[in-house]
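Below is one structure, written out as structure tokens, with a few remarks after it.
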2 protein chains.
Amino acid sequence: MTTTKTAQGASALPLNTILEGDCIEAMNSLPSGSVDLIFADPPYNLQLKGDLHRPDNSKVDAVDDHWDQFSSFKAYDDFTHAWLKAARRLLKPDGALWVIGSYHNVFRMGTELQNQGFWILNDVVWRKSNPMPNFRGKRFTNAHETLIWCSKSEGAKYTFNYEALKSLNEGIQMRSDWVIPICNGGERLKDEHGDKAHPTQKPEALLHRILVGTTNPGDVVLDPFFGTGTTGAVAKMLGRDFIGIEREEAYRKVALKRLSKIRKFDKAALEVSTSKRAEPRVPFGQLVERGMLRPGEELYSVNGRHKAKVRADGTLIGSDSHGDVKGSIHQVGAHCEGAPSCNGWTYWCIKKDGKRVPIDLFRQQIRAEMRN
Amino acid sequence: MTTTKTAQGASALPLNTILEGDCIEAMNSLPSGSVDLIFADPPYNLQLKGDLHRPDNSKVDAVDDHWDQFSSFKAYDDFTHAWLKAARRLLKPDGALWVIGSYHNVFRMGTELQNQGFWILNDVVWRKSNPMPNFRGKRFTNAHETLIWCSKSEGAKYTFNYEALKSLNEGIQMRSDWVIPICNGGERLKDEHGDKAHPTQKPEALLHRILVGTTNPGDVVLDPFFGTGTTGAVAKMLGRDFIGIEREEAYRKVALKRLSKIRKFDKAALEVSTSKRAEPRVPFGQLVERGMLRPGEELYSVNGRHKAKVRADGTLIGSDSHGDVKGSIHQVGAHCEGAPSCNGWTYWCIKKDGKRVPIDLFRQQIRAEMRN
DNA sequence: TGCTGAGATGAATCTTGAA
DNA sequence: TTTCAAGATTCATCTCAGC
């Protein structure tokens with residue numbers, strides 16, 4: 001799985017591997033201007049005090065790990081300054097950087113980004129459909145986290161796959177607020193005791209949207225706080241190269257196991273669009289982001305006469321006697337039937353236990369979540 | 001409409017008026033520790049360059065006012081430091097402050113707030129249901145703004161009307177992301193030419209939620225960047241006193257006209273749901289004294305697993321495999337569950353028609369009597 | 001196999017008053 | 001200033017046992 005690339009004829013990049021040790025030292029060992037995108041999920045510096053119990057007296061398993069402890073804002077600022085400076089050196093001139101944080105740390109990261117000359121393109125809100133409630137009733141439910149997306153400098157030619165994101169959002173341009181569930185269920189990695197392997201594992205849907213939207217296949221994606229490797233897993237699925245850096249042995253171990261099981265989606269699925277309601281509208285792309293459907297998976301028409309393949313940006317590719325057809329679920333459905341229009345939601349089905357089930361079922365699930 | 005209040009026997013407050021001039025000088029003329037809440041919507045330092053046209057070639061009326069121009073981040077930081085320092089002096093020890101901003105300025109404000117010792121309680125996302133689209137297709141639609149809510153210091157007893165906000169949200173606790181339309185239609189104030197009177201007028205719904213949630217009737221609310229007076233208008237409706245500060249003559253004029261038309265809601269409408277904590281404390285012994293429960297009567301745990309007997313002094317005696325336990329309803333409940341604490345009122349039940357009914361019901365009866 | 005209900009849990013700067 | 005005890009407080013989702 002390990003491959004290398006030469007950057008500007010100089011040092012080789014340790015692609016698709018996890019580097020050990022401190023992220024600043026590890027970054028300093030890599031060649032300048034060699035990375036297309038950096039995604040960073042640094043410690044949040046939560047400053048929690050005492051335990052928190054739920055009304056039913058169960059104890060909340062909070063983030064109290066040693067790596068999240070800083071002695072002061074000054075110490076956190078010094079840390080932020082150092083790793084962002086190291087990250088900045090690695091970025092190609094037209095590269096971009098994403099960070100994620102909460103109100104504990106995100107303002108300090110944003111300020112430092114601007115001070116170092118990064119150019120903020122958007123702040124993006126990850127709105128959690130199922131956050132932990134506020135047990136004490138003393139504040140608002142902390143239902144979101146904030147991401148900052150920035151280019152290396154003002155005027156840089158960053159990557160933005162506008163049409164692919166628009167397709168993911170069923171034809172409407174993507175907004176700065178994203179509704180995505182927190183990572184749990186089968187996607188949440190467990191350790192040998194059945195406990196969560198990492199306290200803050202990010203959902204793959206989040207990284208899917210970031211990588212489809214702001215990188216191209218073959219790009220190099222660096223994650224200096226790799227954790228259990230969500231960035232690497234999604235990068236691998238999407239045909240991007242990754243470099244992870246992680247200090248903790250336990251996390252590296254889990255990440256390696258996880259990555260070994262990931263398969264890259266097939267080539268057709270990775271091609272994304274480049275050209276041009278009473279119930280809440282649900283973009284078909286969300287089904288892909290959330291893993292309800294996988295890129296490359298086959299859909300069957302409700303009458304059993306046609307097939308089509310899911311692509312990573314939420315479009316389909318179908319084939320019939322006239323050749324290939326690409327487009328939205330509605331467009332490909334209409335083409336298959338030779339009809340002027342078609343409701344792709346009720347037309348396309350997955351096979352489950354030998355029976356065809358319309359994909360509209362997934363839309364109903366998402367709508368149920370949105371009502372909450 | 002103008003009234004005054006004496007703060008600590010010293011200077012009078014210019015309540016329900018709009019002060020002219022620079023906000024820092026105006027704040028410095030007011031007495032320390034006299035304000036319950038500050039809402040601030042300072043210049044965003046947008047750094048826009050050139051004109052923007054819609055796909056139909058119409059020109060976007062952007063924020064290009066002289067008051068939004070700063071020469072550098074340093075200049076903006078100095079300005080932020082100065083007005084926040086002046087604002088901090090005015091706040092009562094248990095007062096709170098809200099600021100609103102976009103990614104251009106909100107990170108710098110958040111950093112400065114933390115540096116000055118303000119304690120962030122939440123960041124809140126105003127999700128616009130109808131934002132302006134991104135016409136160039138080069139970024140995500142800027143569909144939100146960020147608010148920061150903070151107390152003057154860690155541990156301060158800020159106001160939070162939890163139950164009122166929960167009621168506003170149909171019985172579910174209020175989250176940190178608020179969906180509110182931008183201000184347009186009849187609410188959007190126009191000048192004599194029919195153009196918008198202010199480029200960034202905030203919706204009244206936003207201030208309504210903030211003032212209902214984090215102030216009480218009669219509180220003093222200061223807005224150092226008053227603009228066309230949304231804060232004052234909503235404060236007046238809700239029976240709060242306001243102090244506005246605005247530099248621009250044109251905005252003051254529009255605000256005065258607006259305020260003259262506002263009527264305060266009637267008293268009954270202003271009463272909000274109170275938290276259960278504010279209810280008078282009822283000792284369990286009163287239930288025994290009043291004969292609602294008899295000494296020797298058996299109580300059952302809400303999950304049906306434990307029993308305990310009422311004693312004449314308002315304590316319980318329970319028994320399990322380890323022997324007898326005596327103590328308050330809370331202590332015995334906690335012991336039965338092996339929990340650090342337990343709310344005995346909702347844990348212990350009597351049997352009525354074969355069903356378990358929490359003893360909290362009796363407490364509610366007593367409280368109802370006390371209100372009469 | 002499918003349905004139902006109980007139980008578990010997620011980046012959280014989470015109380016208050018008296019002694 | 002610190003300690004102790006009373007008492008107030010949860011939403012969406014997933015898993016698993018039981019039928």
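Note: hydrogens, waters and symmetry copies are ignored here, and every other heavy atom, side chains too, is used.
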(request) Kindly indicate whether a cation-pi arrangement holds for Arg209(A) with Trp178(A), taking the cut-offs as under 6.0 Å to the six-membered ring centre and within 45° of the axis. (result) yes
(message) Under 3.5 Å, is there any donor-acceptor pair linking the side chain of Asp41(A) to the base of dA11(C)?
(response) yes
(message) Distance check, C1' atoms only: dG10(C) and dC14(C), in whole angstrom units.
(response) 16 Å
(request) Check whether any side-chain N or O of Arg363(B) sits under 4.0 Å from OP1 or OP2 of dA8(D), and answer yes or no. (result) yes
(message) Heavy-atom nearest nucleotide on DNA chain C for Lys202(A) versus Arg305(B): which residue maps closer to 5'?
(response) Arg305(B)
(message) Tell me whether the side-chain N or O atoms of Arg54(A) pair up with the base of dG10(C) as donor and acceptor below 3.5 Å, since no angle test is needed here.
(response) yes
(message) Say we look at dA12(C) and dA5(D): how far apart would their C1' atoms be, to the nearest angstrom?
(response) 24 Å
(request) Could you tell me how the ring of Phe70(A) sits relative to the ring of Phe79(A): parallel (under 30°), tilted (30 to 60°) or perpendicular (over 60°)? (result) tilted
(request) Rounded to whole angstrom, note down the C1' distance from dA6(D) over to dA11(C). (result) 30 Å
(request) When you get a sec, tell me which of dC14(C), dA11(C), dC11(D) is the closest nucleotide to the side chain of Lys166(B)? (result) dC11(D)
(message) Regarding Ile172(B), tell me which of base, sugar-phosphate or nothing describes its non-hydrogen contacts under 4.0 Å with the strands shown.
(response) sugar-phosphate
(message) What's the separation between atom OG1 in Thr146(B) and atom CZ in Phe107(A), rounded to the nearest 0.5 Å?
(response) 7.0 Å
